[in-house]
Every structure is written in structure tokens, then in C-alpha cells.
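Have a look at the structure below before the remarks.
The residues of the chain are indexed from 1 along the displayed sequence. Computed from heavy atoms alone, side chains included, the values below leave out hydrogens, waters and symmetry copies. This structure is a prediction, so every number in the text was calculated from the model and none was measured.
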Amino acid sequence: MKKVFSLRLAALLMVPLLAVSCTSVPRQGMSPQARFHEGAAANVVMHFYQWNSIYVTRPDTRENKFLPLLDRESVAQVLARPDVGHDVAVIVVSHFYTADQELELAHDWESFLGNKGFRRVVLLRAGSSKIDNVDGLIVMHDSAKLASTRQPSTPTDLALVTR
């Protein structure tokens, strides 16, 4: 009887230990505390699933009260609208991507949106919040943070930075 009780107690104590150990491991290169809190400043908010499955929630792109599912070219048309600011673009990405895929997506989005004139590109990991609320989501990539850590490599780059 004591053996059964001891085994049950040990199993019961292992559950919280395993849960804490799995959730406390940060994803590659990011702190678990890196959360986004600038949702009001975002000019564009998109939810990315694949390059042919993107929802744009800001600016409002609803058609007959429904968000259309867009591809890359359709997103480019939305971004070209005159009422769209080009300061901050936020892309919410599913948590199903690997760290390498996230890095590739960050590069692709930064290139795509940088060519459209955006100054800052932030990729966030999808959470359980409403689709139009990005505050509190985990930051996977922030081009502003990367730009602040880059050092000029040539005297010409240094001259551009100091101007």
C-alpha cells in the first residue's frame, strides 16, 4: 500500500516539474519576456499563415463584414493605398514554424516590406488573444532592435549613421 501511495505521490510531483521545465526554455535567440506593447502604433497588422493565406486586419480590409484571405500581390495592393502609413508593420505568425523557418520569414517580410517603404517590421508569435489585438504577443523579430545593434562596417556607413 505504501509503495502505491509513494508512486502516486512521485507521479503527482513530476507533473508540475515537467510543465515548468518545458515552458521555461526560450526559443532560439529570444527572451521569454520579449513582448510587444505597441499595437496602437502599428500602421499595418497582418496574420500570416502562408504566402497565399494572409489576413490584413489593419487597415480594415473587410468585405461584407468578412476579412478576405489575401496573397502576397493582394497585400502589396493594400499597402499601396494612400491611407496606409509606413512606420510600423506587424506580422503575426503561427507557432508551428521552426526557428529556422521563423528566421527565413523574418528576412522575407523585412525585405518585402522594406521595399514598400516600411521603417520597422515586427514579427509576433500568434497567441490566444483576439485577432485584432497584438499587444502582449511574443516578439520573434524586430527590425528596429536589430538595426540598433548593427555596427557600421565601413567609413561610409559610419558617415551615414552620424549624419
Side-chain angles (χ1 to χ4, degrees), residues 23-63 65-163:
T23 60
S24 64
V25 177
R27 297 267 313 221
Q28 197 172 25
M30 291 303 296
S31 163
Q33 285 77 21
R35 301 274 179 174
F36 188 72
H37 298 288
E38 303 171 55
N43 303 104
V44 174
V45 176
M46 294 180 264
H47 291 262
F48 175 83
Y49 301 98
Q50 297 177 2
W51 285 107
N52 61 353
S53 303
I54 306 166
Y55 287 114
V56 177
T57 59
R58 190 180 308 161
D60 191 359
T61 58
R62 290 180 191 161
E63 297 171 358
K65 299 182 183 179
F66 295 99
L67 286 172
L69 196 56
L70 304 175
D71 60 12
R72 190 176 182 138
E73 290 77 28
S74 301
V75 168
Q77 291 173 356
V78 170
L79 299 178
R81 291 179 8 189
D83 64 328
V84 177
H86 286 74
D87 292 319
V88 180
V90 173
I91 301 93
V92 180
V93 178
S94 168
H95 60 276
F96 294 116
Y97 290 99
T98 66
D100 289 338
Q101 290 171 323
E102 288 175 1
L103 188 61
E104 185 178 339
L105 278 175
H107 179 268
D108 291 346
W109 274 110
E110 193 168 336
S111 176
F112 178 70
L113 294 170
N115 289 335
K116 306 271 181 263
F118 282 86
R119 291 174 197 72
R120 182 178 175 200
V121 177
V122 181
L123 267 71
L124 305 176
R125 184 167 298 112
S128 60
S129 63
K130 291 182 177 182
I131 195 166
D132 57 348
N133 184 17
V134 293
D135 285 329
L137 295 180
I138 295 173
V139 177
M140 296 170 23
H141 171 84
D142 188 342
S143 64
K145 295 210 184 322
L146 290 177
S148 68
T149 61
R150 290 184 188 132
Q151 296 296 322
S153 58
T154 66
T156 307
D157 291 342
L158 182 58
L160 291 173
V161 170
T162 57
R163 285 186 190 169

Results of side-chain contact (heavy atoms from CB on, under 4.5 Å) for P59 - residues two or more places apart only |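 P59: side-chain contact (heavy atoms from CB on, under 4.5 Å) contacts with V44, V56, V78, R81, V84.
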
- side-chain contact (heavy atoms from CB on, under 4.5 Å) partners for A126, two or more places apart: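 A126: side-chain contact (heavy atoms from CB on, under 4.5 Å) contacts with V92.
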
Is it the case that the side chain of [X] and the backbone of [Y] share a donor-acceptor pair, with hydrogens and angles ignored and the cut-off at 3.5 Å?
X	Y	answer
E110	H107	no
R119	H86	yes
R58	G39	yes

First locate atom [atom1] of [X], then atom [atom2] of [Y], and finally report the distance between them rounded to the nearest 0.5 Å.
X	Y	atom1	atom2	result
S94	E102	OG	CD	9.0 Å
L67	R62	CG	CZ	5.0 Å
L79	F118	CG	CZ	4.5 Å
I54	T61	CD1	OG1	11.0 Å

Close side-chain approach of [X] and [Y], heavy atoms under 4.5 Å:
X	Y	result
H141	V122	no
I138	R35	yes
V134	T57	no
L105	L123	yes
L124	I91	no

Looking only at non-hydrogen atoms, find the nearest pair between [X] and [Y] and report the distance.
X	Y	answer
A89	L113	CB-CD1, 3.6 Å
M140	V93	CE-CB, 4.0 Å
D135	E38	OD1-N, 3.2 Å
Y55	P68	CD2-O, 3.5 Å

Note to self: Checking F48 now: which residues fulfil ring pair (Phe, Tyr, Trp, His ring centres under 6.0 Å) with it, not counting sequence neighbours?
What the structure shows: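 Applying ring pair (Phe, Tyr, Trp, His ring centres under 6.0 Å) to F48 gives W51, W109.
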
Can you tell me if E104 has over 12 outside heavy atoms packed within less than 6.0 Å of its CD?
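Open.
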
Strictly below 4.0 Å, N to O, side chains only: are D87 and R120 in salt-bridge contact?
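No, D87 and R120 are not salt-bridged.
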
Can you confirm whether the side chains of S74 and D71 place a donor and an acceptor under 3.5 Å from each other?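 Note: S74 and D71 side chains meet the donor-acceptor criterion.
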
